[in-house]
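One structure below.
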Amino acid sequence: MMDYNEIERKWQDAWDKAGIFSPDPGEKEAFMVTAAFPYANAPQHIGHLRTFGTADVVARYKRMRGYNVLYPMAFHATGTPILAFAKRIKNNDSELVKELQTFHVPDHEIEKMTDPLYIANYFIKEIREGMKLAGYSIDWRRSFVSIEPLFSKFVEWQFGILSKKGMLTKGRHPVGWCPNENNAVGMHDTKHDVEPEISSETIIRFKLEDEDSYLLCTTYRPETLPGVTNIFVNSEAEYSLCTIEGMSGSCYAAKSSLKALSYQFSIKELKEIKGSELLSKMCINPYTGKSVPVFPGYFVDPEIGTGCVMSVPAHAPFDYMAIEKLKSQGYDTKGVQPVSVLEVKRDKHGTDAEEGVVPALRYLRAVNADVNATDELVKEATKAQYKDEFRYGIMTAGRLSGLSVADARESVRKELIEKGEASEIFVLTNEDPVYCRCGFRVMVKVVDNQWFINYGDKEWKKTAKAALAGIRVLPEKSRNAFESAIDWIDLRAVVRAQGLGTKFPLEQDKIIESLSDSTIYMSFYTIYNLIAKLKPANLIPEFFDYVYLGKGNVDEVARASGIDYETVKKARESFTYWYKNTSRHSGPDLIFNHLTMYIFNHAAIFDKEFWPKQIVVNGMVLNEGEKMSKSLGNIIPLADGIRKYGADPMRFVEIGGADLFSDSEFNERAVNGVRERFELLNEYCSALPAMDAGELKGIDYWLYSKMNKKIKEATAAMENVELRLASTHMLYNTILELRRYKQRGGMNGMVLREYLSNVTLLLQPMAPHISEELWHALGNTSFSSTEKWPSVDEDMINENAEIGEDLIDSTISDIMQVIELMQKKTGAKATGVGIIIASQWKCDIMNSLAVKKDIRQAIDMAMANHKELQYDAAAKYAQALMKKVNELRVVSFTEEEEFKALSEATEYISSAIGMAVRVEKEEESRSSRAARAHPMKPSIEVS
RNA sequence: GCAGGGGUGGCAGAGCCUGGCCAAAUGCGACGGGCUUAGGACCCGUUUCCAUAGCGGAUGCGAGAGUUCAAAUCUCUCCCCCUGCACCA
């Protein structure tokens with residue numbers, strides 16, 4: 001048994017000592033690999049092997065292909081999660097403490113984690129250790145943290161440029177808000193890590209007849225305005241008359257809804273009235289001008305929206321039910337009748353459309369709801385109807401006629417907002433109320449004067465598309481996602497009121513939001529080791545202008561910044577050297593934010609030659625079929641996994657275990673399978689010294705052929721970062737081939753050494769430690785890490801050698817079948833087997849037919865070439881073949897070659913079937929079954 | 001809803017772009033056999049159905065339709081699943 005951890009430590013130390021992964025600019029062509037940097041709030045779990053490991057495999061492969069490869073790594077700590085973390089520790093949050101304990105964070109460390117910087121530093125150290133254990137070939141000299149002052153200088157410079165280029169704008173923006181802490185809240189600020197989901201609704205005002213005031217209704221479905229028959233209010237609740245910013249006149253809304261509204265509009269209360277007082281009134285539909293009455297609605301919640309809803313009984317089951325209930329209670333509903341304003345071409349969830357039946361009623365019937373039905377049931381009907389109507393509905397009412405529901409909604413909404421009759425309001429759409437960690441209910445606040453990066457800018461989108469066109473996206477099928485991400489991304493709020501990070505240059509009391517400060521940081525790696533010792537004050541914009549944009553000259557920049565001449569010069573050289581050829585790695589979840597912003601910012605800031613060249617997107621890692629998550633408690637810390645299974649087996653399973661884009665599965669069985677195969681390779685390597693070299697046999701040529709094919713295919717796979725395919729070639733097929741080689745009596749030490757040497761090198765990117773170990777077991781003294789990738793000798797790819805082996809296999813399996821059937825039938829035991837090989841003329845006829853499909857020509861040709869051949873026999877054979885002429889393939893073996901291949905394998909075949917074997921040619925055979933032989937399908941005679 | 005990706009044998013998962021060599025790689029599982037004191041590991045075989053002294057046939061890759069001499073693979077329609085939807089890293 002190999003001790004993986006010992007082997008890994010040994011080679012990691014040796015690499016460190018040799019400094020082979022800390023490159024500087026040189027003669028060789030550069031290649032830089034970067035992976036989305038880890039957030040410094042927890043050590044890594046095995047899922048991180050996917051992105052960082054894939055990046056490492058690419059780095060290692062490219063290094064062996066002769067590139068000067070740089071794989072740097074930094075750490076992200078910007079934003080609020082680390083602050084929230086510190087606060088939770090302060091509050092003794094047991095959930096968090098438990099989580100930390102799964103990562104073996106000692107209690108005395110947890111105690112100190114009330115300090116955000118301490119947290120970041122602690123985990124950065126942990127993560128770095130984990131990455132070393134995993135064997136990543138990282139240049140640690142270039143490692144920085146996204147909250148350190150030098151990096152902030154760089155980010156300030158970046159935003160200076162964005163500002164100058166007009167990419168920053170100001171506007172209104174809704175955010176989740178805690179009224180207690182007066183803070184924006186994101187997912188990590190809420191109880192149970194719920195993301196506040198915000199969507200927009202429409203407030204529509206209905207003018208009260210004979211009064212200079214309005215009723216405010218909230219609705220998702222403004223397109224149903226033509227179908228409004230009345231308004232519902234809650235007759236038990238208090239209502240307020242108030243003035244609302246952005247709407248002229250005074251308006252009524254439920255008193256208990258005002259608080260939430262006040263975070264989006266400034267509101268002044270004038271007076272209060274009872275809901276019941278509104279009941280006697282009539283009001284005017286702003287879209288149709290029609291007058292409608294106000295009724296009490298049992299289901300109206302005064303806390304939601306404005307506490308008034310417009311009633312569309314034809315299309316809203318709740319409205320329909322409410323009116324029916326009123327009627328049954330003897331309430332005077334003034335003869336209102338449902339008005340249908342749209343029709344659905346196909347009913348998915350409701351009953352079939354019936355002439356004259358109100359749509360809402362159909363959906364209610366579909367769930368068996370009567371007048372006494374529960375709200376749950378009505379809700380179900382509502383959902384179904386809304387879904388169908390939004391998806392398939394076509395408007396039938398008035399000017400909206402013919403429009404789809406979605407289009408009509410936009411059109412009505414826009415028209416009313418322009419006229420000042422409606423306004424947009426934001427609401428939380430989470431199923432359950434969302435609570436801040438402090439216990440207060442989260443609401444929506446609209447922030448004015450919010451700074452945005454304007455990714456909606458048409459010209460910028462165009463440049464980004466141009467940049468994308470020049471990027472090699474792997475896997476290629478994810479390019480679509482990038483295309484649509486570029487189209488879709490719009491304004492992005494760029495600052496926050498709190499959090500760690502860089503101050504926003506245009507508004508010094510705000511912090512640049514954490515995804516926005518890390519869009520071009522990869523370029524910072526190229527110079528970080530040169531400037532690490534400088535003071536922030538040295539890093540003036542002119543310095544970055546020179547380094548990244550080539551503006552100005554060394555002398556001036558050196559003088560102005562106080563940085564010495566050599567460093568300035570080197571920094572520019574380093575950037576231009578490393579940044580021309582880059583590969584960016586990340587998970588699929590970042591396509592719609594980070595990676596797209598990465599493209600946008602590069603396109604805006606850098607010269608074309610420094611735009612991204614390659615983006616590799618990889619899937620996640622699942623643990624025994626389930627997503628790893630804190631809540632499931634199935635996270636495997638990286639260090640634990642490596643300690644238990646070894647880094648290389650873990651790497652192999654996680655990185656090579658699935659297609660790039662699909663998720664890979666961690667399971668113990670697979671890891672053990674890999675370990676066993678490594679052991680087997682190791683055994684073969686140790687057995688080598690005892691083996692002699694001798695004359696090459698057929699099976700040796702076969703192994704050579706397989707080896708070269710393997711190199712060819714593994715190389716192609718690595719070029720496309722198809723790591724699953726590559727791993728199949730490199731390890732799994734290797735084991736199958738070695739097994740066969742041995743079974744077929746292969747024992748040529750020279751051949752085997754060459755084969756194993758190449759396999760060892762192929763394995764290097766994915767299993768670097770094992771590769772080094774085997775490489776030395778084979779007697780080498782260099783690092784396999786810095787060796788050349790094996791090259792293909794096309795001449796040694798020998799199809800015939802492989803066909804020969806396939807022939808042997810298929811013959812054996814045919815023999816076994818025949819024997820089995822015979823024994824079943826006659827009960828007699830077989831004692832010997834004759835293999836009879838088809839005559840050359842059969843082969844000739846078959847090949848001729850396969851190419852030409854001309855029976856005449858085939859027979860003539862065979863007759864001409866084989867004097868002994870009877871015309872009858874040739875014709876009969878050719879006719880039989882004609883029946884499936886379309887399936888015929890050219891046979892590349894001659895009778896002689898077929899005979900040779902099988903004769904040489906007699907020993908193997910007879911040991912496989914357990915009895916004596918005789919091989920003969922058809923024309924020499926006296927067997928009655930001889931004529932049944934086909935090319936590559938010898939006749940079998942069992943005696 | 002919008003966007004992106006999928007649906008293949010007991011399971012996982014290739015193949016699909018570039019139609020035929022695909023009853024469909026590979027791994028796992030199950031079954032039978034070998035090795036072994038026994039188990040594990042390892043090795044060999046079987047693993048849709050029917051037929052059969054092997055080389056044949058039927059059904060078949062979410063459902064349906066189409067194109068083609070030929071479809072898991074191309075086109076259309078439908079159904080279902082997964083992921084993301086933003087200021088959050």
Side-chain angles (χ1 to χ4, degrees), chain A residues 36 38-41 76-82 173-176 184-190 193 195-199 386-387 390-391 405-406 447 450 452-453 455 475-485 487-496 499 513-516 518 588-594 596 619-620 625 627 657-659 661-663 665 667 669-670 672-673 676 679-680 724-725 727-728 732-733 736 739 743 810-826 830 884 886-889 912-914 929 932-934 936-942:
Chain A
Y39 198 81
N41 67 350
H76 202 191
T78 314
T80 47
I82 289 185
H173 185 65
V175 291
V185 288
M187 191 168 79
H188 48 263
D189 303 311
T190 62
D193 285 341
E195 180 76 44
E197 293 164 24
I198 297 170
S199 76
Y386 278 21
K387 201 172 166 184
F390 183 75
R391 199 159 168 193
V405 166
V447 182
Q450 168 76 33
F452 295 94
I453 302 184
Y455 291 118
E476 182 59 37
K477 67 179 163 191
S478 54
R479 181 180 293 276
N480 289 341
F482 282 98
E483 296 272 357
S484 38
D487 286 335
W488 162 87
I489 193 170
D490 198 5
L491 296 176
R492 183 177 180 95
V494 66
V495 295
R496 294 202 60 165
E513 171 273 327
S514 54
L515 282 182
S516 299
S518 46
D589 46 333
L590 297 187
I591 292 179
F592 279 83
N593 46 52
H594 167 72
T596 298
M620 312 283 208
K627 195 173 169 173
D659 257 1
F661 210 59
S662 36
D663 296 341
E665 159 107 13
N667 66 65
R669 222 187 277 280
N672 287 334
E676 278 156 23
E679 306 273 347
L680 217 60
R724 181 190 170 90
L725 189 60
S727 77
T728 308
Y732 296 96
N733 288 351
L736 295 177
R739 191 187 292 163
Q743 281 173 347
S810 64
T811 305
I812 290 175
S813 102
D814 283 350
I815 293 172
M816 310 261 268
Q817 263 188 74
V818 173
I819 291 175
E820 194 184 313
L821 284 168
M822 197 190 87
Q823 279 180 352
K824 218 178 356 183
K825 205 159 214 179
T826 65
K884 43 179 183 177
N886 284 322
E887 294 164 25
L888 292 181
R889 307 273 168 252
I913 62 175
R929 301 186 61 82
R932 304 176 71 130
H934 293 278
M936 301 308 279
K937 206 77 195 173
S939 174
I940 291 154
E941 182 183 41
V942 179

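In what follows, chains carry the letters A, B, and so on, assigned in the order in which the sequence lines appear, proteins first and then strands, with residues in each chain numbered from 1. Treat the numbers as computed from the prediction; the structure is a model and nothing was measured.
Between A:E513 atom CD and B:C88 atom P the separation is 7 Å, expressed in whole Å. Across the protein-nucleic acid pair, A:N480 atom CG and B:A3 atom C1' stand 11 Å apart, rounded to whole Å. The CG-P distance, from A:L590 to B:C88, rounds to 17 Å in whole Å. Counting to the nearest Å, the P atom of B:C85 and the CG atom of A:D490 are 16 Å from each other. Going from atom CZ of A:F592 over to atom P of B:A86 covers 12 Å, rounded to whole Å. The CG atom of A:L515 sits 11 Å away from the P atom of B:C87 (whole-angstrom rounding). With rounding to whole Å, A:W488 atom CH2 is found 7 Å from B:A86 atom P. Between A:D487 atom CG and B:C85 atom C1' there is a gap of 15 Å when expressed in whole angstrom units.
For A:K477, taking side-chain heavy atoms from C-beta onward, the closest of the listed nucleotides B:C44, B:C55, B:G6 is B:G6. Out of B:C87, B:A3, B:C44, the shortest distance to the side chain of A:A493 is found at B:C87. Here B:G4 is the nucleotide among B:A53, B:C44, B:G4 with the atom lying nearest to any side-chain atom of A:A481. Nearest nucleotide to the side chain of A:R929, out of B:C55, B:C88, B:A41: B:C55. With B:C88, B:A53, B:A86 as the candidates, the nucleotide lying closest to the side chain of A:I489 is B:A86.
Within the 4.0 angstrom heavy-atom criterion, only backbone atoms of the sugar-phosphate kind lie near A:T78; the bases stay farther away. Within the nucleic acid shown, A:H594 has no heavy atom closer than 4.0 Å to any nucleic acid atom. At the heavy-atom level, A:Q450 lies nowhere under 4.0 Å from the strands shown. Heavy atoms of A:L491 sit under 4.0 angstrom from at least one base atom. Within 4.0 Å of A:P938, counting heavy atoms only, lies at least one base atom of the nucleic acid. Nucleic acid contact class of A:Q743 (heavy atoms, under 4.0 Å, all strands): sugar-phosphate only.
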*Apply the test side chain to side chain contact (heavy atoms under 4.5 Å, CB included) to residues A:D589 and A:H594: give CA-CA distance (whole Å), side-chain angles for both, the deciding distance (0.1 Å), then the verdict.*
CA-CA 9 Å; A:D589 46 333; A:H594 167 72; over 6 Å; no
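A:S518 places none of its side-chain heavy atoms less than 4.5 Å from the side chain of A:T78. Using a 4.5 Å heavy-atom cutoff, the side chains of A:K937 and A:D814 are in contact. Under the 4.5 Å side-chain criterion, counting only non-hydrogen atoms from C-beta, A:R496 is in contact with A:T80. At a threshold of 4.5 Å between non-hydrogen side-chain atoms, the residues A:H76 and A:P38 do not count as touching. Under the 4.5 Å side-chain criterion, counting only non-hydrogen atoms from C-beta, A:F482 is in contact with A:I591.
Atom CD of A:E679 sits about 10.5 Å away from atom CG of A:N672, to the nearest 0.5 Å. The distance from the CG atom of A:L590 to the CG atom of A:L515 is 8.0 Å, given to the nearest 0.5 Å.
Here the separation of B:A71 from B:U8, taken at their C1' atoms, is 14 Å to the nearest Å. When the C1' atom is used for both B:U73 and B:U18, the distance is 10 Å, rounded to whole Å. Taking atom C1' on both B:C74 and B:A23, the two are 22 Å apart, rounded to the nearest angstrom. A gap of 32 Å separates the P atoms of B:C22 and B:U77, to the nearest Å. Nucleotides B:G9 and B:G62 have their P atoms positioned 8 Å apart, rounded to a whole Å. Across the C1' atoms, B:A53 and B:C11 are found 36 Å apart, a figure rounded to whole Å. Using atom P as the reference point in both B:U47 and B:G10, the two lie 14 Å apart (nearest Å). Using C1' as the reference atom, B:C43 and B:G57 are 34 Å apart when rounded to the nearest Å.
Nucleotide B:G4 forms a pair with B:C82, judged by Watson-Crick or G-U wobble geometry with both contacts under 3.5 Å. Of all nucleotides present, none satisfies the Watson-Crick or G-U wobble test against B:U67 with each distance under 3.5 Å. Under the Watson-Crick and G-U wobble criteria, each requiring two contacts below 3.5 Å, nucleotide B:A24 is left unpaired. Pairing for B:U47 is with B:G29, a Watson-Crick or G-U wobble pair whose two hydrogen-bonding atom distances lie under 3.5 Å. Searching all strands for a Watson-Crick or G-U wobble partner of B:C87 with both distances below 3.5 Å returns nothing. Summarising the base pairing, B:C17 is matched to no nucleotide, lacking a Watson-Crick or G-U wobble pair whose two defining distances lie under 3.5 Å.
In terms of the salt bridge (Lys or Arg N to Asp or Glu O under 4.0 Å) criterion, residue partners of A:R492 (sequence neighbours excluded) are, by chain and number, A:E513. Listed by chain and residue number, A:W488 satisfy the ring pair (Phe, Tyr, Trp, His ring centres under 6.0 Å) test with A:F592 (two or more places apart in sequence, or in another chain).
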Enumerate all atom pairs, one protein N or O and one N or O from nucleotides 23-34 of chain B, separated by less than 3.5 Å.
from	atom 1	to	atom 2	distance (Å)
B:G29	OP1	A:R669	NH1	3.4

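Each of A:S484 and A:L725 was matched to the nucleotide of RNA chain B holding its nearest heavy atom; the match closer to the 5' end belongs to A:S484. Between A:S939 and A:S813, it is A:S813 whose nearest contact on RNA chain B lies nearer the 5' terminus.
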